[in-house]
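So the structure is just underneath, and the comments pick up after that.
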Amino acid sequence: MSDRNVVSWTALMAGYIHIGLPKPALQLFEKMPKTYIFPNPFTFATAVNACSFLSDLQTGRKIHAQIEIYGFQSNLVLCTSLIDMYGKSNYVDESRRVFDSMEYKNVVSWTSMISTYTQNAQGEDALLLFREFIKSTSNKPNQFMFASVINACASLGKLVAGKVTHSAVIRHGYNTNEVVESAIVDMYAKCGLFEYSNKIFRQIQNPGLIPYTSMIVGAAKYGLAKFSLDLFQEMLEKGIRPNDVTFLGVLHACSHSGLVDIGLEYLNSMHEKYGISPDSKHYICTVDMLGRTGRLDEAYQLAKTIPPEVQDREILWGSLLSSSRTHSRLDLAVEASQRLIETNQQLATAYVTMSNTFASVGNWENVSRLRSEMKRNGIYKEPGCSWVEIKDRTYVFYAGDVKSCERGNEVVNLLKELEVRMKERGYVRGRKGLVFVDVEEEAEEVILGLHSEKLALGFGLICIPKGITIRVMKNLRMCGDCHEAFKVISEIVERDFIVRDVNRFHHFRDGSCTCKDFW
DNA sequence: TTAGGGTTAG
């Protein structure tokens, strides 16, 4: 072009970003004023966008300063791009400062701020801001905002909020948007309703890479390796190419189901068949896979060859330490914890796991040495906890600590009562909790369902087998006692079909209660 | 010529 103006410069910058090359876009941005052509708000927004892609906070701040000098600081689009840039650079407070400075906001700017919170693990703030958007503006949320909000619910494990948002998605007609659907599939899986997740997935018309990957990962996390691998196969047959995340899901599935050799085959096929080079995440997953089944020497050899990014080292050696502890390999546990301590990250976890490893082989001298070392250095391990949402309240559980849980004693008493009654029905305490002895092996798998896990949180007891509950709910007549029990169980377990159906059943005071079959 | 969303190992 003999004549270039600000539009042609900006268009070329935008073009570079569009094909995934933000750096040349920024080079053009620097070059442009030297030809006496000066940026307008469009140019600035494009430059800021390039910084977002690069998470380049330093350049982003410089451009922000220029925007102030040029007097464009109240431009709606520009502010929105700044919110996004600071968010992608993990500078959440700065994002919020820009957001608060805006006189006019639209759905895009609100979404940008909400996403900033979600992407920086501040799900609660994301949901608070979403509520504020609904209450204080007359704008309607769109598919972008819904995707972010559902992501926030998923990361917090907020099932109720997730369901409410899902309803809103349906009401607003975004339930056929693939991105929103993927987010919902992921949300239900993370909130403990795998069946819902699968149902939504099956409703998606022609699901692409990300819905498939979400479902593969979801199934893998549930220990449903076959389900996960079948889906992977189905996806390949449809001609959808997997990406690095899909393989992470596949490896995770193999790892958590003991399918080590199959997992190794997948790892080797990544590059050969699909042209995807495994990165440190895949190798770390493989180290974990080998370690879990006790193939610790192989795991250690592999771990040594991985040159992971600095921030990944703690995960790699933490995983190896954990499996060394499980398989009482003191030598490797010492090696792994030393490497972990070198990274100076997750120190408390390293100390505690190491001390537990010594404890598992009865080496109490070292246990007390490590514990006093922790005390001396002021290293404190925040105890892990679980929580369950019931209606609008969250109940937190710590392992072995009934007192700190509200209604904890009530729950424990109920569990004891249930255990007694279940034993009468042929259950025995097995390694995995209560196991029904009169069923064939296959049926047993169905019985040991998700409920069991939720009820077991913090109490060390497993009961209420899933299969039985469902069967009993058909043609059920309840006495007052059983009804009460079911109501409490429903509250704890929070399953729809129980909550919904309990109120519909007739109550019987006498022996005609049919749910005694259950007990 | 400009801004926002979904899947990721321990």
Side-chain angles (χ1 to χ4, degrees), chain A residues 5-15 17-18 39-50 52 72 75-85 87-88 105-116 118-119 141-152 154 174 177-187 189-190 207-218 220-221 242-249 251-252 255-256 278-289 291-292 306 308 312-323 336 340 346 349 353:
Chain A
N5 63 10
V6 61
V7 179
S8 32
W9 279 91
T10 307
L12 188 59
M13 283 170 62
I17 294 174
H18 195 74
N40 68 11
F42 288 73
T43 325
F44 277 121
T46 310
V48 173
N49 194 19
S52 288
F72 295 145
N75 181 293
L76 173 69
V77 175
L78 258 181
C79 286
T80 307
S81 65
L82 285 170
I83 293 171
D84 183 57
M85 183 274 294
K88 298 262 161 56
K105 300 182 182 93
N106 63 8
V107 191
V108 186
S109 32
W110 281 87
T111 304
S112 220
M113 194 60 230
I114 291 172
S115 310
T116 290
T118 317
Q119 289 159 0
N142 63 13
Q143 66 272 40
F144 290 86
M145 191 176 274
F146 278 129
S148 247
V149 171
I150 290 164
N151 188 1
Y174 293 116
N177 177 283
E178 198 193 81
V179 177
V180 176
E181 286 172 307
S182 302
I184 294 172
V185 165
D186 177 60
M187 182 272 292
K190 286 192 178 134
L209 169 67
I210 294 184
Y212 262 106
T213 304
S214 300
M215 203 62 229
I216 288 168
V217 170
K221 288 188 170 169
N243 69 6
D244 53 334
V245 183
T246 322
F247 274 104
L248 221 42
L251 289 172
H252 191 80
S255 170
H256 288 258
D279 61 27
S280 62
K281 288 182 182 151
H282 300 98
Y283 287 119
I284 290 168
C285 197
T286 311
V287 167
D288 177 61
M289 180 169 75
R292 272 174 201 279
I306 306 170
D312 288 343
R313 286 178 61 86
E314 79 197 74
I315 297 171
L316 173 68
W317 295 107
S319 159
L320 197 72
L321 172 59
S322 161
S323 43
L340 208 53
Q346 302 280 322
T349 310
T353 313

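The model shown is predicted, which means the values in this text are computed figures rather than measured ones.
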Please list, chain by chain and in numerical order, all residues satisfying side chain to side chain contact (heavy atoms under 4.5 Å, CB included) with [X], sequence neighbours excluded.
| X | answer |
| --- | --- |
| A:Val7 | A:Asn5 |
| A:Ser255 | A:Asp288, A:Met289, A:Arg292 |
| A:Ala220 | A:Ser228, A:His252, A:Ala253 |

For [X], report the nucleic acid contact type (base, sugar-phosphate, nothing); a contact means any heavy atom under 4.0 Å.
| X | result |
| --- | --- |
| A:Thr80 | base |
| A:Thr213 | base |
| A:Lys105 | nothing |
| A:Val217 | sugar-phosphate |
| A:Asn106 | base |
| A:Glu178 | base |
| A:Asn75 | nothing |
| A:Asn5 | nothing |
| A:Val185 | nothing |
| A:His18 | nothing |
| A:Ser322 | nothing |

List the residues meeting ring-ring contact (aromatic ring centres under 6.0 Å, His included) with A:Phe44, not counting sequence neighbours, and say none if there are none. A:Phe29, A:Tyr70, A:Phe72
Could you tell me which residues satisfy side chain to side chain donor-acceptor pair (under 3.5 Å) with A:Lys88, sequence neighbours excluded, listed by chain and number?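 For A:Lys88 the side chain to side chain donor-acceptor pair (under 3.5 Å) partners, ignoring immediate neighbours, are A:Asp84.
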Please identify the 5'-most and 3'-most nucleotides of DNA chain B with any atom under 4.0 angstrom from a heavy atom of chain A.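 The contact span of chain A on DNA chain B goes from B:dT1 to B:dG10.
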Exercise: do A:Asn49 and A:Ser52 side chains pair donor with acceptor under 3.5 Å: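 Side chains of A:Asn49 and A:Ser52: no pair found under 3.5 Å.
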Go through the side-chain N and O atoms of A:Ser214 and A:Ser182 and say whether any donor and acceptor fall under 3.5 Å apart.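 There is no such pair between these side chains.
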